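Report on the structure given below.
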Amino acid sequence: MKYNFNAIEAKWQKYWADNQTFKAENQSDKPKYYVLDMFPYPSGAGLHVGHPLGYIASDIYARYKRHQGFNVLHPMGYDSFGLPAEQYAILTGQHPADTTRVNIDGGHDKEGNYIDGYRRQLDQIGFSFDWSREVRTSDPSYYKWTQWIFIQLFNSWYNNDSDKAEDISTLETIFSAEGNTTVNAVCDENIEPFSAEDWKSFSSEKQQQILLQYRLTYLAETEVNWCPALGTVLANDEIVNGVSERGGHPVIRKKMTQWSMRISAYAERLLQGLDKIDWTDSLKESQRNWIGKSVGASVTFNILPNVTLSAVEGSHKIDVFTTRPDTIFGVSFMTLAPEHELVSQITTPEQKDEVEAYILATAKRSERDRMADVKTISGVFTGAYAEHPFTKEPIPVWIGDYVLAGYGTGAVMSVPCGDERDYAFAKHFNIPIPNIFEGVDISEEAFSDKAKTIIANSDFLNGLNYKKATKRAIYELEKIGQGEGKTNYRLRDAVFSRQRYWGEPFPVYYVNGLPQMIAAEHLPIKLPEVEKYLPTETGEPPLGNATVWAWDTEKNEVVSNSLIDNENVFPLELNTMPGWAGSSWYFNRYMDANNPDEFASKEALEYWQDVDLYIGGSEHATGHLLYSRFWQKFLFDKGVVPVDEYAKKLINQGMILGTSAFVIRVVPGLISKKGDVFLQKADKLPPIFISYDRELLTQNDEKGKLSYFTRDSKSEDIFELLENLSKEYKDYFTSEDKEKYDISFNFLHGIHVDVSFANASDELDTESFKNWMPDYKNSKFILNENGTFKVGRDVEKMSKSKYNVVNPDDIVADYGADSLRLYEMFLGPLEQYKPWNTAGITGVHSFLKKLWKLYADDNGLKVTDATPTKENLKTLHKTIKKVQEDIENFSFNTSVSTFMIAVNELTAQKCTSKEILEPLLVLISPYAPHIAEELWEQLGNSGSISTAPFPEFDASHLVESSKNYPISFNGKMRFTMELPLDMSKDAIEEAVLANEKTQEQLAGRTPKKVIVVPGKIVNIVG
RNA sequence: GCUGAAGUGGUGGAAUUGGUAGACACGUUGGACUUAAAAUCCAAUGGACAUUAGUCCGUGCGGGUUCAAGUCCCGCCUUCAGUACCA
């Protein structure tokens, strides 16, 4: 009986599918456990070996929990809306729904290429997913509920008093009873106050407009990140370094009417919630920074009337936010962002030219320039003065681009003695720097240490520390009506509209420009067919191309645009939802994925509650993982879901990097004596490559870019070879060339080659390489001293252009899924970034072969009913203990080595005992399920191993009677000594000192001290 | 700059509360088997010195605490990730 992994794996994958082994039930006497992976976007490129890493880890955990008697929910699905399918559609005209389906289910694309499909790729790795619960975000039966949630958000407002979302009808009730002055809501700024009578007298349209300012999703003209190349709006987290994350296109600011999500309403709860979930510290920290809470005060400064101003109203005020109200007496100037709306109103005629020039200059600088250039201090005096709220002294008002329009109020009170930036600004423009700190020297730099602050020269704040002074300052500000305590958040509301085709359509139509929700019973509103997936010629989103995209309010269905009469038939929304809409609630849908009537049934939600373990990449820290927490909290407020944090524990798996291989190409050339002029004629010769380990004295050109070598003893043979070659290729270098240039040299150039051409010893398969591309057909190779040709190695992200992508299909075909699973875990800690190197897989593969041999040889099964020996039991129980601890600590790499040790030991012990070998299979089955199932069956068990109970650890088998003590001298281990464990400290000391090796080490000296730690170590000092 | 993580053989990585550094693999070298290769098996493998016994040095760098430090403390350096003129 041989270990025929291909047959075994196919057999058991079929068994699991046929028997629905991993189907989870929504009712069970067992305790529940929910293991979730971040669902993938099904791209046309398919999976590479880096993708399944997290899935393997979660699968091991899910299988382990099944062995422990849990009812495990372990689902999988696809985040199948997205930009790549749309861009592919624009390029090829294929419907994104079709290409997406092929990418998942496999099949032929329009060009006739066969695409394997995600599903088959996942299946062959042997995951224990419950496929009956699969979701696809682009499926109407799924996005029906995404649209439903959107309607719920539209019909809700956030009540700060109850600190939760409430139905919009409660707000309308308040409005008609008391007006809006008593309402404590999260809403747009600058809403006009009105009374109950006012409300009742407003037209329906006016009422709708007002309500829109309170709804949790609302339509507003916002400044958005517009990407002209993609023809769409991007969220902040879709922009990296000022360019679009996808494609790297430039992004500009533009005003547009867009749907927004009032996530800012949940800022505090999103922050507080982090304390009760077990996510990694770095991820929580990212979210905290993103939310950006700062506690302080808002302070109002009045602008002093200036007789030279044309509009002398004297009513101009500057609102600022500060975290240091305690330093208010240190204010010596104020700074506004150049974009601040007050700038034009308060600037004096004398300063006008200068200010306008500065604003123009700032506007020209891109956001990027402004960010990159932190050192340069610039600003202009507006000529205006504000009045200090307490001292009534005039304070000059400046503008400066270090103040950002987008944060706080876009204006700051500048306290140069307490803030580095204010300090630098004051120094640069010779503004006074009053010192308001007791016993602190501020002649060189600002003092910003809150903890050591004692306020001075500050009237009623004198002698107070930071905490007390802050409290007092706020109290005094409130007393005079010029400020109050305030908490500021960096978190902005999220733009929710995208000008794309391949996303969820909004369930929204427009009456007189006002958005109306389509009633939930008419959902889903399906994506219309369009001729082209590009924006329309008039600049409307792709849905503007649809001809059947209007809502008939009588028939309650989507009808032809030609029927729009704005009485019964109205235009539908042309934007679609962003990528994060569908992924913000999918974990709830898995609980009851096929429910046509509800988002998920109450019973299912009550039973499964939340995700116990969530595994995915850390790149979603401030995107998906924040938005989904927001939606969950909202759904919790609405009573739809039973918990307000959906994932108890979250682990980020690290990325698997590719180990690229490259060859060094030698390009012969000529060089002038000064080394500044080169002549190369690479195309005249066949390509020449040199083994990577060939020792050469290389030099760099002036810029340090080109690496080359000239003739010396080490490169003599290379030059000879090239000269011989050049005889064959006559027009290599002409005699004229040789006159012009002085030195002949060889230029070295690294070229990535397909990783499959290089073996574990870094040797290149030169024949495969030659056949790889026509250009390399006649390649010549310069070998090393051992007569082999070696490639260089580099660790970098897997990408097609580096030819370092490894397809799991190939690994599964060559070594089997169990080997792939074990090897991915064996590579290193789950959360770490680590390089993939296919060569190393032979280690785990031969481990599986050894495991197999423990159970069966050429004559068949060799497991017996023999009574296990003490050693056998010790090995087994040691393994149970370690593996259990490892799984619970997500230290999967170390359990793989534990298995190797166990199998090595049992092989050495010639163990054939079923009592040992049967439980060993259960231990291994989460990691290598196929081989475990097969041997489990061979041992005479019927049914799947997947629900066999996890072996019980029995400590009694590990009890030792003696210990091999390390005996060290001054901390250095010299030899070991076997001593009974029940020996007393004194007896150990005596025995060790009596040992002749001890005397040898001491060489006559008397030990000063002997440290004996029973069961651990003996250390002799002296 | 700030926040978080990490620096251990030729490589991936072990080392649970301070207690035998380098487990387990890969690679390398030598050997067995084979006509040969692959596969498999055996042995060696941190570095230096030493015929052996053994000695010295070794966990990014410099200090410190301790009988004992990869692990704890202080001060640096480097790499990766996130974030940034956040008032």
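For the numbers below, each heavy atom of this structure counts, side chains included, while hydrogens, waters and symmetry mates do not. Because the structure is a prediction, the values reported are computed rather than measured.
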Rounded distance in Å - OH (A:Y815) to P (B:A25): 17 Å
Send over the distance from A:E885 CD to B:U17 P, rounded to a whole Å. 11 Å
Between B:U40 and A:K849, is there an OP1 or OP2 to side-chain N/O distance shorter than 4.0 Å? yes
Nearest heavy atom decides the nucleotide; on that basis, is A:D281 or A:M900 closer to the 5' end of RNA chain B? A:D281
Positive for ring pair (Phe, Tyr, Trp, His ring centres under 6.0 Å) with A:H845, one of A:Y823, A:W852, A:F5: A:F5
So what does A:T842 touch, heavy atoms closer than 4.0 Å: a base, only the sugar-phosphate, or nothing? sugar-phosphate
Span that lies between the P atom of B:G12 and that of B:C86, in whole angstrom: 38 Å
With syn defined as a glycosidic torsion within 90 degrees of 0 and anti otherwise, which applies to B:G27? anti
Say whether, by atom type as modelled, one donor and one acceptor occur between the side chain of A:K1009 and the main chain of A:I1020 under 3.5 angstrom. no
A:K1009 vs B:C67: side-chain N/O to OP1/OP2 distance below 4.0 Å: yes
Does a sphere of radius 6.0 Å around NZ in A:K874 hold more than 12 heavy atoms from other residues, nucleotides or ligands, not counting ones at 6.0 Å or beyond? no
Nearest to the A:R974 side chain among B:G27, B:G12, B:C56, which nucleotide is it? B:C56
Nearest to side-chain heavy atoms of A:V412, which nucleotide of B:A87, B:C24, B:C26: B:A87
Would you say that A:P338 contacts A:Y358 through its side chain, given a criterion of any heavy-atom pair below 4.5 Å between the two side chains? yes
A:K881 with A:E885: basic N within carboxylate O range, under 4.0 Å: yes
Without decimals, in angstroms, what is the distance between A:K834 NZ and B:C24 P? 21 Å
Under 4.0 angstrom between A:Q832 side-chain N/O and B:A5 OP1 or OP2: no
Choose from B:G13, B:G19, B:C86 the nucleotide whose nearest atom is closest to any side-chain atom of A:R490. B:C86
For the C1' atoms, the ones on B:G22 and on B:A15, what distance do you get once it is rounded to whole angstrom? 9 Å
With a 4.0 Å cut-off on heavy atoms, is A:V1021 in touch with a base, just the backbone sugar-phosphate, or nothing at all? sugar-phosphate
Please tell me which of A:S618 and A:K972 maps to the more 5' nucleotide of RNA chain B, matching each residue to the nucleotide holding its nearest heavy atom. A:K972
Can you see which heavy atom on A:E339 is nearest to which on A:A405, and at what distance? OE1-CB, 3.8 Å
Please examine the side chains of A:V1018 and A:V1010, heavy atoms only from C-beta on, and report whether any two atoms are closer than 4.5 Å. yes
Base, sugar-phosphate alone, or nothing: which one does A:N904 contact when heavy atoms must sit under 4.0 Å apart? sugar-phosphate
Residue A:S897, side-chain heavy atoms: nucleotide from B:A87, B:U20, B:A23 that is nearest: B:A23
With respect to the side chain of A:K963, which nucleotide from B:U20, B:A68, B:U40 is positioned closest? B:U20
In whole Å, what is the span from the CD atom of A:E796 to the P atom of B:A81? 13 Å
Less than 4.0 angstrom between a side-chain N/O of A:K1016 and OP1 or OP2 of B:U16, yes or no? no
How about OH on A:Y692, more than 12 heavy atoms from neighbouring residues, nucleotides or ligands closer than 6.0 Å, or not? no
Distance test, side-chain N/O of A:Y407 to OP1/OP2 of B:A87, below 4.0 Å: yes
Measure from CG on A:N889 to C1' on B:U17 and round the result to the nearest Å. 14 Å
Atom C1', compared across B:U17 and B:U71: separation rounded to whole Å: 11 Å
Does A:N964 reach a base, just sugar-phosphate, or nothing at all? Heavy atoms under 4.0 Å. base
Can you find a side chain N or O atom of A:N289 that sits less than 4.0 Å from OP1 or OP2 on B:A84? no
Rounded interatomic separation in angstrom, taking CG from A:L979 and C1' from B:U20: 14 Å
Flag if over 12 foreign heavy atoms under 6.0 Å of CD, A:E888: yes
From the set B:U16, B:C41, B:C85, return the single nucleotide nearest to any side-chain atom of A:K850. B:C41
Using the side-chain heavy atoms of A:F826, tell me which of these nucleotides is nearest: B:A23, B:A25, B:A14. B:A25
Does B:C86 have OP1 or OP2 sitting under 4.0 Å from an N or O in the side chain of A:R421? yes
OP1, OP2 of B:A81 versus side-chain N and O of A:S282: anything below 4.0 Å? no
Roughly, in whole Å, what's the span from CZ in A:F892 to P in B:A14? 14 Å
Are A:R288 and A:D275 within salt-bridge range, i.e. N to O under 4.0 Å? yes
Considering only atom C1', compute the distance from B:C85 to B:U66 and round it to an integer number of Å. 47 Å
When you compare B:G60 with B:A14, how far apart are their P atoms, in angstrom units rounded to a whole number? 14 Å
Just to be sure I understand the rule, does A:K1008 reach a base, reach only the sugar-phosphate, or reach nothing, if contact means heavy atoms closer than 4.0 Å? nothing
Please give the distance between the P atoms of B:A68 and B:U79 as a whole number of Å. 35 Å
Taking atom P in both B:G1 and B:C72, what distance in whole Å separates the two? 24 Å
What is the separation between atom CD1 on A:I291 and atom P on B:G82, rounded to the nearest whole Å? 19 Å
RNA chain B in dot-bracket, Watson-Crick or G-U pairs under 3.5 Å, [ ] crossing, | other strand? (((((((..(((......[....)))((((((.......))))))((((....))))..(((((..]....))))))))))))....
